[in-house]
Amino acid sequence: MHGPHDAVLRAPPSGHAGRADPPSWYVAGRDHVWLPYAQMKTAAAPLPVVATQGSRLRLAEGRELVDGVASWWTACHGYNHPHIAISVARQLEALPHVMLGGLVHEQAARLAARLAALLPGDLGRVFFSDSGSVAVEVAMKMAVQYWINHGFRGRTKFVAFRGGYHGDTTATMAVCDPDDGMHRLFKGLLPEHVITDLPRDEETTAALDGLLAGRADEIAGILVEPLVQGAGGMLFHDAAVLQRLRVLADRHETLLIFDEVFTGFGRTGAMFACEGAGVVPDIVTLGKALSGGTLPLAATIASEKIFAAFWSDDPMHALMHGPTFMGNALGCAAANASLDLFEREPRLDQVKAIAARLADGLASCRGLPHVVDVRVRGAIGVVELDAIDIPALKARFVEEGVYVRPFGRIVYLTPAFTIGEEDLARLTGAIVRVLSET
Ligand SMILES: *Cc1c(COP(=O)(O)O)cnc(C)c1O
């Protein structure tokens, strides 16, 4: 089940012996790197990482941490998988990058055909980009222009949901959960969309039905993270919610967009959440684990119905978008290698096994002070608290030899699918221990 790449770096020395001075690159550069989501004045200094392997990060001081996050859940095969490394190295020698302006290369063509074959329904027209946020922006642009090309003006708003996260760019911030402050902070810059409750029951379904009936001529599409709302709070919903969205989108003749940047590539237990839920959207976005956590790559995939609206003799009906590095050959080579691994290695079985171990390992968090909920879906383990001292928790996790990065009131694990049993037990054990202390 585990290949040689799963061999970990040398076991960490126990205790705290031999802490060396930070490396010179760290001292020279640290103050020049502006970190994400960080109050730079008060945030803890970033940990200098000098090597990765499997599910481990090696710090400059020599210590190793078991990685519970897999670099924002991108490194689904663990770090440094040799098959991806070799594929990217070969591609680097042959053809690192050509623009897709009038050109195409084998890796992009193969990847597009493979994604089309893997996705359900006739989702088969692949538009590449370089980040999840841009993939979502492209999906939004496609939806708006779909209506324009059909002669409808004014369908420029999206219905999105509380608890959702779709990215950090201007268009995508505007469809995130409004309570995170960005909507208020950037009022005036952000377009206003309709952010409402997921149709979880009769009442919320009727409310959404009514909303769509009243505003159908303003709405370009419904945008949702299927099955798991990730960075907005690791909230789960079931397939019935997505089936209702499909029914409502069809009834009110609007488009359904699934943002699978988080859920794609096995994270929820199926290769894609849409497939797991048995619902085919009109547009789907992919990113994060697409390249196996190695290179920035994302994609927006449209169905034939969407693509057909752009197929015309009118140049104004073309999709006017084109990121410079779209379809980057190194990224596509990494993604093709990643798909090889999904074919050759038992990733979805590993996800199932991780789900069982997460449920087991985190169960004793229930009943601890401040713990509101413990939930697991696929290779996602979540402990929700009612209050949380994030800096203190982060520091304690590092002392425990694990890298876990809580946000909001959420402590979560999204490990590599190749993580060994012992390392996974270290992660869940550390969470139980640290939360027991609070
Ligand atoms: C991370 C994420 C994004 C944004 O992707 P970036 O690559 O960070 O731009 C969009 N949607 C979802 C669901 C995500 O999890």
Side-chain angles (χ1 to χ4, degrees), residues 34-38 69-76 127-143 158-178 180 182 190 193 195 198 221-237 241-242 245 256-268 270 272-274 276-277 281 283-301 321 323-328 331-332 334-335 338 377-380 382 405 407-408 410 412-414:
W34 198 331
L35 300 170
Y37 306 111
V69 184
S71 287
W72 282 323
W73 47 92
T74 58
C76 54
F127 191 95
F128 289 112
S129 57
D130 31 35
S131 80
S133 302
V134 173
V136 175
E137 293 232 17
V138 169
M140 294 170 73
K141 215 162 143 179
M142 266 181 195
F158 288 86
V159 172
F161 299 98
R162 291 204 177 85
Y165 174 81
H166 298 287
D168 289 349
T169 58
T170 306
T172 58
M173 272 195 291
V175 283
C176 291
D177 187 297
D180 66 2
M182 304 234 242
L190 298 188
H193 296 292
I195 315 292
L198 280 168
I222 301 171
L223 174 62
V224 67
E225 295 163 88
L227 295 184
V228 177
Q229 293 176 299
M234 300 285 174
L235 301 162
F236 303 165
H237 55 262
V241 168
L242 303 171
L245 288 177
L256 183 60
I257 305 169
F258 281 1
D259 178 357
E260 293 227 31
V261 171
F262 177 90
T263 53
F265 304 102
R267 186 53 66 182
T268 67
F272 301 104
C274 57
I283 304 173
V284 65
T285 59
L286 298 172
K288 291 221 164 84
L290 172 58
S291 71
T294 52
L295 284 145
L297 187 71
T300 308
I301 302 101
H321 206 96
T324 303
F325 279 101
M326 73 182 288
N328 172 260
C332 291
S338 175
R377 180 166 290 177
I380 309 163
V382 182
R405 204 182 136 84
F407 68 90
I410 300 291
Y412 72 93
L413 294 175
T414 51

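What you are looking at is a predicted structure, and each value in this text was computed from that prediction instead of being measured. Counting starts at 1 for both ligands and their atoms, in listed order. By convention here, the first residue in the shown sequence is residue 1.
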Could you report the tightest heavy-atom contact between [X] and [Y], atom names first, then the distance?
| X | Y | value |
| --- | --- | --- |
| T414 | R267 | C-NH1, 3.2 Å |
| W73 | M234 | CZ3-CE, 3.9 Å |
| T170 | L190 | O-CD2, 3.3 Å |

(request) Among all protein heavy atoms, pick out the one at the shortest distance from atom 8 (O) of ligand 1; state its residue, atom name and that distance to 0.1 Å. (result) S133 OG, 4.3 Å
(request) Please report which non-hydrogen protein atom sits nearest to atom 5 (O) of ligand 1, along with the residue it belongs to and the distance in Å to one decimal place. (result)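 It is G132 CA, 3.2 Å.
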(message) Is it true that D259 and T285 share a donor-acceptor pair across their side chains at a distance under 3.5 Å?
(response)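 The answer is yes; a qualifying pair exists.
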(message) Assess, by modelled atom type and distance only, whether the side chains of T169 and T172 contain a donor and an acceptor separated by less than 3.5 Å.
(response) yes
(request) Below 4.0 angstrom from a heavy atom of H166, which ligand 1 atoms are there? Numbered from 1 as shown, please. (result)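 So the answer, numbered in order with elements, is 10 (C), 11 (N).
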(request) Check ligand 1 against E225 and write out every atom of the ligand that is under 4.0 Å from a heavy-atom position of the residue. (result)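 Listed by number with element: 13 (C).
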(message) Among Q229, K288, E260, which one puts a heavy atom closest to atom 1 (C) of ligand 1?
(response)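 Comparing heavy atoms across Q229, K288, E260, the nearest one to atom 1 (C) of ligand 1 lies in K288.
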(request) Go through the steps for R377 and H237 under the test side chain to side chain contact (heavy atoms under 4.5 Å, CB included), then give the verdict. (result) CA-CA 10 Å; R377 180 166 290 177; H237 55 262; 5.7 Å; no
(message) Below the 3.5 angstrom mark, is there an N/O of D259, backbone or side chain, next to an N/O of ligand 1?
(response)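 For ligand 1, there is an N or O atom that lies under 3.5 Å from one belonging to D259.
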(request) Pick one of side chain, backbone, both or neither for how W72 approaches ligand 1, counting any non-hydrogen atom pair under 4.0 Å. (result)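 Within the 4.0 Å criterion, W72 makes no contact with ligand 1.
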